[in-house]
**Q** 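This is the structure, below, for whatever I ask next.
Every value quoted in this text rests on a predicted model; they were computed, and no experiment measured them. In each ligand, atom 1 is the first atom listed, and ligand 1 is the first ligand listed.
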Amino acid sequence: MVLLLRASTCTLIARHVPLLSSARLQHRRSLFFAAKTFSRSASSAASKRARSHVHASIVQAGGITISREDVVKEDDPTNNVPDSVFWKLGLQLHRRDDHPLGILKNEIYKFFEDKFPGKYQKFDDLSPIVSVTSNFDDVLVPPDHVSRRYNDTYYINSDTVLRTHTSAHQAQKLREGCTHFLVTGDVYRRDSIDATHYPVFHQMEGFRVFSPAEWDASGMDGTSFALQDLKETLEGLAKRLFGDVETRWVDTYFPFTNPSIELEIFFQGNWLEVLGCGVTEPAILENNGRAGTVAWAFGLGLERLAMVLFDIPDIRLFWSSDLRFTSQFKAGQLGIKFKPFSKFPPCYKDISFWISDSFTENNLCEVVRGIAGDLAEEVKLIDSFTNKKGMTSNCFRIAYRSMERSLTDDEINNLQARVREEVPGKLQVTLR
Ligand code: DAH
């Protein structure tokens, strides 16, 4: 059941803040359709090239130089990375000490450093471009798991993706001989548009290996020993971040752990999911030179925690370079609450069309983001019906809003006109 739930929402770990999330209807189709949908027309390729001059077409990440041409391949049907995502590579918000994500990362580092001085190796500059093998196979994600689809993952080609989670580095770090490590990085997923979803977000992975001598002395079996240590460690981390909160553990499913559990905290009247974790599947240890050991692993989403800890109401704000946002945070200060500098009204525009089999909401969101960028606040299915001929119509409401300024009617009408222009050709739907 839990597996099905995960599969249908297509995240391995939930990324939304329940309080803020809106109900979403997801349509998922085959990899083939999604890839075809995103082969671009010549005119859009030209407009993208024109726009790319404004931004750097080379970025640095994970000690390597990445050029736009390496990542965005408009004529390659096995590639579905848009320019808007390329421009995020290399920004590495989690490495800025005075950014909420960097402040949170450093606080978690401090927790591990205080509890286990010198024990944990920390990596926050590993390249987000990884093989399908590292991202999925090495952590035992089944071959038919929905998270592998083109609808959900950014593929550079059929063998290479933008990592969808920091678990992509588990096997590599084990092979390098690491036994205690934290990996922080930007991760990428094709997704819907709302206040808590953005195609790029940040995760931290934790991993600890135990040798038989460590659990033998306790009289427990390795799995029970690791599970107990995992719970103690993460309850301690939750208290460090949130103060003296009530915590609870919920059983769940992840392909890479067994048992798999989630930590929830009781915060401001609600149970809030904080992270996913569990005892590592023995095959991962065996396949990577650690047979006979037991390990635990966890993965947490930094935005999700930072939105709660800093009172940040919209995930787009993390990307803002507006001084009214950035100047509110100071290195080392976790407790600061964000004060909204102003709230500009949203403007809603509806678009209705007859869908085809290949239509997915993620593909629509990709088109909207490609045109409106961060001005797109939410895309929401507000009506759907099927007529006597079996044709299905969907109506989506797009909310446009800037976090930083008011938008003019002309500007919004222009964005909406471009959405209406691009949607039929890119998504094979018929406007109504
Ligand atoms: N990789 C998972 C995700 O992105 C998060 C996660 C869950 C990581 C459990 C772990 C783990 O290491 O044990 O959804």
**Q** I need the single residue from F210, W215, W296 that forms a ring-ring contact (aromatic ring centres under 6.0 Å, His included) with F225. Which is it?
**A**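 Single pass found, and it is F210.
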**Q** Who gets closest to atom 4 (O) of ligand 1 by heavy atom: R189, Q170, E205?
**A**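 Heavy atom nearest to atom 4 (O) of ligand 1 belongs to R189.
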**Q** Show the atoms of ligand 1 that are less than 4.0 angstrom away from any heavy atom in G278.
**A**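 Near G278, meaning under 4.0 Å from one of its heavy atoms, ligand 1 has 13 (O).
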**Q** I want to confirm something. Looking only at heavy atoms, which of F201, Y253, F256, F207 is nearest to atom 6 (C) of ligand 1?
**A**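 The residue whose heavy atom sits nearest atom 6 (C) of ligand 1 is F256.
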**Q** Verify the ring-centre separation between F325 and F329: is it less than 6.0 angstrom?
**A**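 Judged by ring-centre distance (under 6.0 Å), F329 and F325 do meet the cut-off.
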**Q** Return yes if some donor-acceptor pair links the side-chain N/O of R189 with the main-chain N/O of T164 below 3.5 Å, else return no.
**A**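 It does hold such a pair.
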**Q** With side chain to side chain contact (heavy atoms under 4.5 Å, CB included) as the test, pick out the partner of E74 among N79, D83, V81.
**A**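 Per the side chain to side chain contact (heavy atoms under 4.5 Å, CB included) rule, the option paired with E74 is D83, out of N79, D83, V81.
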**Q** Under 4.0 Å from a heavy atom of C277: give me the atoms of ligand 1 that qualify, with their elements.
**A**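 Selected atoms, number and element: 9 (C), 11 (C), 13 (O).
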**Q** Using a heavy-atom cut-off of under 4.0 Å, does the side chain or the backbone of S167 touch ligand 1, or both, or neither?
**A**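 Contact part for S167 vs ligand 1: side chain (C-beta onward).
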**Q** Of the side chain and backbone of F298, name the one, both, or neither that has a heavy atom under 4.0 Å from an atom of ligand 1.
**A**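 For F298, only backbone atoms sit under 4.0 Å from ligand 1.
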**Q** NZ of K119: more than 12 outside heavy atoms within 6.0 angstrom?
**A**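 No, because the 6.0 Å sphere around NZ of K119 holds 12 heavy atoms or fewer from other groups.
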**Q** Any N/O of A297 closer than 3.5 Å to an N/O of ligand 1?
**A**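 Yes, A297 has an N/O under 3.5 Å of an N/O on ligand 1.
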**Q** Could you check, using the six-membered ring where one of them is a Trp, whether F201 and F318 have ring centers closer than 6.0 angstrom?
**A**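 Between F201 and F318, the centre distance exceeds or equals 6.0 Å.
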**Q** Determine whether the aromatic ring centres of residues F181 and Y120 are separated by less than 6.0 angstrom.
**A**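 They do not qualify: ring centres at least 6.0 Å apart.
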**Q** For ligand 1, which atoms sit closer than 4.0 Å to a heavy atom of T257?
**A**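 Those qualifying, in numeric order: 13 (O).
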**Q** For E262 and ligand 1, answer yes if some heavy atom of the residue is under 4.0 Å from a ligand atom, otherwise no.
**A**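 In this structure, E262 fails to qualify as a contact of ligand 1 - no heavy atom is under 4.0 Å.
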**Q** Pull out every atom of ligand 1 sitting under 4.0 Å from any heavy atom of Q203, numbered as shown with elements.
**A**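 This gives 3 (C), 4 (O) as the contact atoms.
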